[in-house]
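Residues take their numbers from the sequence shown, with the count starting at 1. Note that these values count all heavy atoms, side chains included, but never hydrogens, waters or copies made by symmetry.
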Amino acid sequence: MARGSDGESVLHKHLRVLQAFDTLRPFLTLTEIADASGLALSTAHRLVAELEREGLLERMPDRTYRLGVRLWEFASRTPGALGLRELARPWLGAVHARVRQHTQLGVLSGRDVLFIERMSTRDAVLNLTLIGGRTPLPVSSSGLVLLAHAAPGLVDEVIAAGWPAYTAETIRRDALRDRLRHVRADGFAITNGQIHAESSGIAVPVLGPHGAVYAAIGVVVANDGSSPQPAIELLTVAAAGITRALEEAYLPDGAAATHDGRGIRALITGSQRSLDYFASLDATPWPTSGG
């Protein structure tokens with residue numbers, strides 16, 4: 001991999017440019033990209049031009065940039081998070097129809113929970129979750145579920161890095177390990193007023209094809225003292241349904257998994273005729289020359 005004079009790979013510098021964008025800052029000027037990525041303006045200019053040529057960034061009429069649609073195209077080809085989102089959506093919808101607040105699906109991403117799906121109503125309680133957005137693991141019920149089942153080294157890393165104190169109820173560093181033990185024992189996590197005083201989060205784990213925790217499904221509801229048990233039971237049923245769907249699709253999440261394409265049909269939502277058509281395309285040789 002090519003490296004610059006500072007020892008940093010060219011690929012890593014490109015990633016720094018892409019990581020400058022987030023859900024709250026989807027449009028950035030060249031100067032803002034340079035500032036957010038920590039790159040010299042001349043370096044940022046060169047990297048942005050390269051990414052724009054490849055369709056990974058798009059330049060807007062007002063001379064700002066946004067992430068390119070080609071990134072979505074690449075992401076849509078993997079049966080990882082987007083496949084999980086597709087399989088989980090019916091179960092999320094069933095939970096949301098009962099709760100009528102916020103229902104969300106999160107996966108582990110570094111020291112954060114990355115939310116890949118979210119359903120909400122207009123009159124629901126305050127919730128800072130966005131699709132494609134991140135929240136520090138310790139402050140979210142979904143994050144606590146994921147961290148409770150993560151490698152011990154990640155817990156050490158999270159504690160060392162710390163996290164923002166959003167409210168007086170936000171969990172402290174010295175309380176995290178004990179809280180994670182309770183989450184593992186209980187099979188669910190509850191956060192009352194940890195991000196905003198009026199909201200509570202409730203989440204349970206979603207197991208993957210090999211028994212490991214694959215994701216977390218949760219709800220954000222009013223922090224009004226109501227019993228969380230109905231939501232826990234509802235989420236537990238939904239998580240079991242998502243697990244069965246993952247097992248049927250056999251998403252490759254481990255070294256023992258095979259890559260024979262068995263899962264692709266389970267990841268496509270559509271009519272049986274559409275699925276049959278996809279299968280016929282797989283069976284038909286693609287022409288290698290014109291004519």
Side-chain angles (χ1 to χ4, degrees), residues 23-24 88-89 91-109 111-150 155 158-159 162-206 213 215-242:
T23 51
L24 297 179
R89 189 177 290 121
W91 294 100
L92 286 164
V95 172
H96 181 59
R98 293 283 299 277
V99 175
R100 302 300 298 170
Q101 289 280 338
H102 305 279
T103 306
Q104 51 203 34
L105 184 71
V107 296
L108 184 66
S109 180
R111 296 193 297 269
D112 301 323
V113 52
L114 172 65
F115 291 99
I116 61 174
E117 184 60 284
R118 174 178 180 261
M119 297 179 180
S120 300
T121 54
R122 285 290 184 183
D123 58 350
V125 298
L126 193 151
N127 180 18
L128 299 184
T129 301
L130 297 171
I131 295 176
R134 296 169 174 265
T135 301
L137 290 167
V139 304
S140 161
S141 57
S142 294
L144 285 174
V145 164
L146 296 170
L147 188 57
H149 297 278
V155 178
V158 166
I159 291 175
W163 54 88
Y166 295 96
T167 72
E169 300 301 320
T170 301
I171 191 169
R172 303 184 311 274
R173 296 191 196 195
D174 59 3
L176 181 61
R177 293 186 193 277
D178 185 60
R179 184 68 174 278
L180 295 177
R181 282 192 289 269
H182 281 287
V183 171
R184 285 192 293 271
D186 296 339
F188 59 84
I190 301 173
T191 54
N192 292 325
Q194 282 209 169
I195 297 179
H196 194 278
E198 75 175 62
S199 305
S200 291
I202 307 167
V204 304
V206 175
V213 172
I217 180 174
V219 295
V220 176
V221 296
N223 183 19
D224 58 5
S226 299
S227 171
Q229 195 57 40
I232 293 170
E233 294 174 359
L234 191 62
L235 290 168
T236 300
V237 171
I242 298 170

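- Scanning both residues, Ala189 and Leu144, for their nearest heavy atoms gives CB-CB, 3.9 Å.
- Between the side chain of Ser140 and the backbone N or O of Leu137 there is no donor-acceptor pair closer than 3.5 Å.
- Side chain to side chain, Ser200 and Asn192 meet the donor-acceptor criterion of an N or O pair below 3.5 Å.
- In terms of the side-chain hydrogen bond (donor to acceptor under 3.5 Å, both in side chains) criterion, residue partners of Asn127 (sequence neighbours excluded) are, by chain and number, Gln104, Thr129.
- Side-chain contact check for Val107 versus Val113: every heavy-atom pair is 4.5 Å or farther apart.
- Counted by atom type alone, Thr103 and Arg118 present zero donor-acceptor pairs between their side chains at under 3.5 Å.
- Side-chain atoms of Glu233 never come within 3.5 Å of backbone atoms of Pro228 as a donor-acceptor pair (strictly under, hydrogens ignored).
- The shortest side-chain heavy-atom distance between Phe115 and Leu130 does not fall under the 4.5 Å cut-off.
- Side-chain contact check for Leu235 versus Trp91: every heavy-atom pair is 4.5 Å or farther apart.
- A distance-only check finds a donor-acceptor pair linking the side chain of Arg184 to the backbone of Ala148 [under 3.5 Å].
- The closest donor-acceptor contact from the side chain of Ser142 to the backbone of Ala203 lies at 3.5 Å or more, if one exists at all.
- Between Glu169 and Thr191 the shortest side-chain heavy-atom distance does not fall below 4.5 Å.
- Between Leu126 and Val220, the closest heavy-atom pair is O-CG1, 4.0 Å.
- In this structure a side-chain-to-backbone donor-acceptor pair under 3.5 Å is present from Asn223 to Ala197.
- Panel note: side chain Arg111, backbone Gly162; no donor-acceptor pair is recorded below 3.5 Å.
- The shortest non-hydrogen separation linking Ala215 to Leu105 is CB-CD1, 4.2 Å.
- Proximity of a side-chain donor or acceptor of Thr170 to a complementary backbone N or O of Gln194 within less than 3.5 Å is detected.
- Side-chain atoms of Asp112 do not come within 3.5 Å of backbone N or O of Leu114 as any donor-acceptor pair.
- Proximity of Val139 to Tyr166: side-chain heavy atoms (C-beta onward) are separated by under 4.5 Å at one or more points.
- Listed here is the closest heavy atom pair of Leu146 and Leu108: CD1-N, 3.5 Å.
- Side-chain contact between Ile195 and Thr167 is absent, with no heavy-atom pair separated by less than 4.5 Å.
- Annotation for Arg173: atom CZ counts as buried by contact number, over 12 foreign heavy atoms lying within 6.0 Å.
- In terms of modelled atom types and a separation under 3.5 Å, the side chain of Gln101 and the main chain of Val125 share a donor-acceptor contact.
- Taking 4.5 Å as the limit, some side-chain heavy atom of Leu147 sits within range of a side-chain heavy atom of Val158.
- Val213 is not listed as a side-chain neighbour of Val206, based on a closest heavy-atom distance of 4.5 Å or more.
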